[in-house]
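As the structure is a computational prediction, the values presented were derived from the model and not from experiment.
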Amino acid sequence: FSSSDDEKSCLLQSVHCDEEADRDVALASLLDVSNSTYAVGADSDYCIYGFSSSSSGDNNNHVLYAPLPHLQWENSDKLGGIVITRKDIAQALYLPCEELLIEASILLGNDYTYEFIAQQN
């Protein structure tokens, strides 16, 4: 969803994809230089997309991921929750740089590698 400075207004946009939607949803957040478009869902794979904070030169080149299970209405008129970026996940995993999150997701499994890993077991 997208939000504006006015807390009471919020634009919700639905993106339809025939197949895996991670890329399209993540790009909607990534390409919004106003930093007000969030990838809402239950899939942290959105955070794989983007540029590292150190290489981008600003904070507008990352996906803002809002986990759906953590969204809740506050005072019946305000939606609240948490927002996670690739940098947040890399720091939580004690990775020395954000780029290593891509390799970690390949090794640990994600939507693209899950079937391959499952077949190997």
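A donor-acceptor pair under 3.5 Å links the side-chain atoms of Ser105 to the main chain of Ile102, judged by distance alone. Side chain of Tyr49 to backbone of Asp24: no donor-acceptor contact under 3.5 angstrom is found. Checking side-chain atoms of Asp22 against main-chain N and O of Asp45 turns up no donor-acceptor pair under 3.5 Å.
Residue Gly41 comes nearest to Tyr65 through the heavy atom pair O-OH, 3.4 Å, listed as atom of the first residue, atom of the second, then distance. Nearest approach of Ile82 to Pro67, heavy atoms of both residues: O-CD, 3.4 Å. Here the closest heavy-atom approach between residue Cys47 and residue Thr85 is recorded as SG-C, 4.1 Å. Smallest separation of non-hydrogen atoms from Ser29 and Ala39: CB-N, 4.1 Å. Pairing each heavy atom of Tyr46 with each of Val40, the nearest pair is OH-O, 4.2 Å.
None of Thr37, Asp32, Asn35 except one satisfies the side chain to side chain contact (heavy atoms under 4.5 Å, CB included) rule with Leu64; the exception is Asn35.
In this structure, CZ in Arg86 is found 5.5 Å from CD in Glu98, a value given to the nearest 0.5 Å.
For Leu100, the side chain to side chain contact (heavy atoms under 4.5 Å, CB included) partners at least two apart in sequence or on another chain are Leu95, Pro96, Cys97, Glu103. Remark: Ser44 pairs with no residue by the side-chain hydrogen bond (donor to acceptor under 3.5 Å, both in side chains) rule, at least two apart or across chains.
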